[in-house]
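These notes concern the structure reproduced below.
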Amino acid sequence: MSTSDLKNWKARAEKELRGKPLDDLTWETPEGIDVKPVYTGEDLDDLDHLGSMPGMAPFTRGPKATMYAGRPWTIRQYAGFSTAEESNAFYRKGLEGGQQGVSVAFDLATHRGYDSDHERVVGDVGKAGVAIDSVEDMKILFDGIPLDKVSVSMTMNGAVIPVLASFIVAGEEQGVDREKLSGTIQNDVLKEFMVRNTYIYPPEPSMRIVSDIIDYTSREMPKFNSISISGYHMQEAGATLVQELAFTIADGKEYVKAALARGMDVDAFAPRLSFFFAIGMNFFMEAAKLRAARLLWHRVMTEFGAKNEKSLMLRTHCQTSGVSLQEQDPYNNAIRTAYEAMSAVLGGTQSLHTNSYDEAIALPSDAAARLARNTQLILQNETGVTNVVDPLAGSYYVENLTKELADKAWELIQQVDEIGGMTKAVEDGMPKLAIEEAAARKQARVDRVEDVIVGVNKFQLDEEPEIDVREIDNTAVREAQIARLADIRQSRDAVACENALEALEQGARSSDANLLELAVNAARVRATVGEISDAMERAFGRHKAKVKLLDGVYGAAYEGDQGFQDIQADVAEFAKKNGKKPSMMVVKMGQDGHDRGGKIIATAFSDIGFDVDMGPLFQTPEEAAIDAIEKGVDVVGISSQAAGHTTLAPQLVHALKNKGGEGIIVICGGVIPPNDYNFLRQVGVRAIFGPGTNIPEAAKEVLELVKRART
């Protein structure tokens, strides 16, 4: 575009704006990137990454020369629920319907290294994933699925050692040697300490586990990816795209450093490292994020001295956003998922999971899962996107976004390096705090309708449609798992099992043993997931996070807002009249570590004027009741993301009554199917707040409940 053309365009644009400055159309993203209304060739000046071809360094345009024109991305749907038998049937149906790989979701009891008969997991077994207690469960999970032909991805971090060991032994007993097993184990524990919280051991021994798995798989499992470095859960917890990009790459750097410290050659393990990113609703920026990720990883691995081309290229799985799914007007979620899937594909993902439209409410139904899978089949077969490699290449806008994201992420990576690396940064709490601040700001923008969510804060329906949801009989699943555990413990060689667990514990206490190798030996003699985890816990201890709450971040977004000030005034008047602020404790019970919702509620209610405390993660209902009574709170707010509310909420209400806290109001919020509302009210839950709840409106309702209780 010539200078005169640009001048003429600006004149025409300002005329259309009727005198308003053109800068009014510039939009600042949450990442601090100014997005202009128009981009020209001038915006491509000095972009160093331009000019490379797909499959060539720095791989901005994709890790393969022909990308989808040669072979489409892998459709890898993430699923798991109830028992191994039910999940196996679901996987086989998906593979028959066009799915190309299996991606396993484990229940929270398994994630946290507990067997299904443990007292702390009563409400968690089989609810948000499949319950796996032993090799026997793993064999059932993959019955009829040839592990030498179907690749398996497993989202597992805390109990990664016993789960991977059980998978290896299940493969052996299916007749598939471990060198033929293909797939990925997530094995990314650093992000657990930041956002997802399904950790078991403290950071230092957890990093040893990561490097042990990298070491073992590089020697024994050449077709298996030893780690999937995950940014997905960061974005789900509220991270901006720059934070997700930077902290994920920084995590990758830390894992490479850990492997190098073991004396491993970088090119011996780096080709089997993979990544996992979330894809949200900022369509072009998400595509640019994947391009920037490949650019940055090439830079990082070059600094590590990698020579193998496969060590230098970032390969990634992507999943459409879970947090963008809404309970209100839920069929809109299918549209959101389709746009997000298209963005991931235009960004060059290697495999993709598309979420189901009903996942804001419950585990996906068969019909919803089929629609989600077909979203990808339609993308591959009907849209033509597979015909051209990197079709967004050369776009003035997308190339500029690629550079902006890479530059801002690199600055944040350097900040992490200055702290001493990601392990030290995680111990200091820097990434976690930054992500929680971003999440609070995002929620405030939604509540103020600055960010429009169709059907939630704008264009709402008068009456919500009813949709069928999958329900899990948690009690029946747990009883079946307990019976199988009893059979295993009775039939196994008790002495051989005890010796294998003792060897594992001693190996954990030393530094020269490979824990995965020892765990495989224990799994062969039918040591359970919980027993293998316990053996290492005796050596390492179990990590307990310190709960920190933000102050002022949510409220700052409402500065000058009269409605918000009115609510604050009502709370202040209540405090003056009663001699104390209305008080609330937010609790996370069971093994659900997803604390974004609870943290946002806590900081927002605090900014409104409530006296707010947040209990520690992983409480039992009885522990939460004792905590609430000792603190003398008016309200206990249950934050539920993993479907345990129908078991845990009644137990909490019962525990409060038994211990003299019957006057404490119990409310519940999170991912709760509308079909559960009547049940929760019948057992004593006084108010229920589902996804999309406006927090200031919720605060008004809770304040009224406290007022009525005090009169």
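One is the number of the first residue; the rest follow in order along the sequence.
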Does the side-chain hydrogen bond (donor to acceptor under 3.5 Å, both in side chains) test come out yes or no for Lys191 and Gln186, once each step is laid out? CA-CA 11 Å; Lys191 65 97 174 45; Gln186 194 164 95; 2.8 Å; yes
Could you walk me through whether Gln481 and Asp137 pass side-chain hydrogen bond (donor to acceptor under 3.5 Å, both in side chains), step by step? CA-CA 9 Å; Gln481 291 299 120; Asp137 289 332; 3.0 Å; yes
Could you give me the CA-CA distance, side-chain angles and deciding distance for Arg538 and Asp534, then say whether salt bridge (charged side-chain N to carboxylate O under 4.0 Å, His left out) is met? CA-CA 6 Å; Arg538 289 192 289 273; Asp534 287 347; 5.4 Å; no
Could you walk me through whether Thr184 and Phe276 pass side-chain contact (heavy atoms from CB on, under 4.5 Å), step by step? CA-CA 11 Å; Thr184 303; Phe276 175 28; over 6 Å; no
Between Ile213 and Leu164, does a side-chain contact (heavy atoms from CB on, under 4.5 Å) hold up when you go through it step by step? CA-CA 9 Å; Ile213 290 172; Leu164 184 52; 3.9 Å; yes
Audit row: His594, Asn197, side-chain hydrogen bond (donor to acceptor under 3.5 Å, both in side chains) steps and yes/no: CA-CA 7 Å; His594 294 83; Asn197 299 315; over 6 Å; no
Asp115 and Arg489: salt bridge (charged side-chain N to carboxylate O under 4.0 Å, His left out), yes or no, with the steps? CA-CA 12 Å; Asp115 286 333; Arg489 288 172 179 147; 2.9 Å; yes
Let's go through Asn332 and Ile335 carefully: what are the C-alpha distance in whole Å and the side-chain angles of both, what is the deciding distance for side-chain contact (heavy atoms from CB on, under 4.5 Å) to 0.1 Å, and is it a yes or a no? CA-CA 5 Å; Asn332 288 340; Ile335 303 165; 4.2 Å; yes
Do Glu244 and Lys289 pass the salt bridge (charged side-chain N to carboxylate O under 4.0 Å, His left out) test, and can you show the C-alpha distance, the side-chain angles, and the key distance before you say yes or no? CA-CA 9 Å; Glu244 179 193 7; Lys289 180 185 73 182; 2.7 Å; yes
Hey, mind stepping through Asp117 and Arg478 against salt bridge (charged side-chain N to carboxylate O under 4.0 Å, His left out) and telling me if it holds? CA-CA 7 Å; Asp117 57 357; Arg478 187 165 186 263; over 6 Å; no
Full working for side-chain contact (heavy atoms from CB on, under 4.5 Å) between Phe106 and Val163: CA-CA 10 Å; Phe106 298 94; Val163 165; 3.6 Å; yes
Criterion side-chain hydrogen bond (donor to acceptor under 3.5 Å, both in side chains) on Ser151 and Arg76, from CA distance to verdict: CA-CA 9 Å; Ser151 67; Arg76 189 186 297 280; 2.8 Å; yes
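For Arg219, the CZ atom is densely surrounded, since the number of other residues' heavy atoms within 6.0 Å is greater than 12. Open room surrounds CZ on Arg370; 12 or fewer heavy atoms of other groups in view lie less than 6.0 Å from it. In the displayed structure, Asp468 atom CG is contacted under 6.0 Å by at most 12 heavy atoms of other residues, nucleotides or ligands.
Going from atom OG1 of Thr528 over to atom NE2 of His118 covers 11.0 Å, rounded to the nearest 0.5 Å. Taking CG from Leu515 and CG from Leu504, the interatomic distance works out to 6.0 Å, rounded to the nearest 0.5 Å. To the nearest 0.5 Å, the span separating CG on Asn157 from NE2 on His111 amounts to 7.5 Å. Atom OG1 of Thr248 and atom CG of Asp188 lie 8.0 Å apart (nearest 0.5 Å). With rounding to the nearest 0.5 Å, the separation of OG1 in Thr354 from CE in Met342 is 13.0 Å. We find the CD-CZ distance between Gln174 and Phe167 to be 9.0 Å, quoted to the nearest 0.5 Å.
No side-chain heavy atom of Thr423 sits less than 4.5 Å from a side-chain heavy atom of Phe193. Residues Glu179 and Pro222 are in side-chain contact: their nearest non-hydrogen atoms beyond the backbone lie under 4.5 Å apart. With contacts defined as side-chain heavy-atom distances shorter than 4.5 Å, the pair Val152/Phe142 qualifies. Contact of the Lys127 side chain with the Val477 side chain is not registered, since no non-hydrogen atoms from C-beta on lie closer than 4.5 Å. Contact of the Val195 side chain with the Lys432 side chain is not registered, since no non-hydrogen atoms from C-beta on lie closer than 4.5 Å. Side-chain atoms of His317 and Thr74, non-hydrogen and from C-beta on, never get closer than 4.5 Å to each other. Proximity of Leu371 to Tyr357: side-chain heavy atoms (C-beta onward) are separated by under 4.5 Å at one or more points. No side-chain heavy atom of Tyr68 sits under 4.5 Å from any side-chain heavy atom of Val385.
One finds a salt bridge joining Glu85 and Arg484 here, because a Lys/Arg side-chain nitrogen approaches an Asp/Glu carboxylate oxygen to under 4.0 Å.
The shortest non-hydrogen separation linking Met194 to Pro431 is SD-CB, 3.3 Å. Shown here for Ser87 and Leu141, the closest heavy-atom pair between the two residues is CB-CD1, 3.7 Å. Nearest heavy atoms, His645 versus Ser640: ND1-OG, 3.3 Å. Between Ala293 and Ile249, the shortest heavy-atom contact is O-CD1, 4.0 Å. Scanning all heavy atoms of the two residues, the minimum distance from Val169 to Ala523 falls at CG2-CB, 3.9 Å.
Asp358 places a side-chain N or O within 3.5 Å of a backbone atom of Ser365 that can act as its donor or acceptor partner. Checked by atom type and distance alone, the side chain of Asn333 pairs as donor or acceptor with a backbone atom of Pro330 at under 3.5 Å. Checking side-chain atoms of Gln591 against main-chain N and O of Arg112 turns up no donor-acceptor pair under 3.5 Å. A donor-acceptor pair is defined here as one N or O able to donate and one able to accept, closer than 3.5 Å; such a pair exists between the side chain of Glu286 and the backbone of Gly280. At least one donor-acceptor pair under 3.5 Å links the side chain of Tyr232 to the backbone N or O of Thr320. Distance alone, capped at 3.5 Å, places no donor-acceptor pair between the Asp177 side chain and the Lys180 backbone. Of the possible polar contacts, none joining the Thr198 side chain to the Gly158 backbone as a donor-acceptor pair under 3.5 Å is found. No donor-acceptor distance shorter than 3.5 angstrom exists from the side chain of Thr349 to the backbone of Ala344, with no hydrogens or angles considered. Here the side chain of Arg120 pairs no donor or acceptor atom with the backbone of Tyr114 at under 3.5 angstrom. Using modelled atom types, one side-chain atom of Thr110 and one backbone atom of Ile132 make a donor-acceptor pair closer than 3.5 Å.
Judged by the 6.0 Å distance and 45° axis criteria, Arg272 is not positioned over the aromatic ring of Phe224.
Each of Val121, Val130, Asp124, Val125 was evaluated against Asp107; a single residue qualifies, Val125, per the side-chain contact (heavy atoms from CB on, under 4.5 Å) test. The salt bridge (Lys or Arg N to Asp or Glu O under 4.0 Å) test with Glu173 is passed by exactly one of Arg178, Lys139, Arg524: Lys139.
Ring to ring, Tyr201 and His543 are not that close: their centroids are 6.0 angstrom or more apart.
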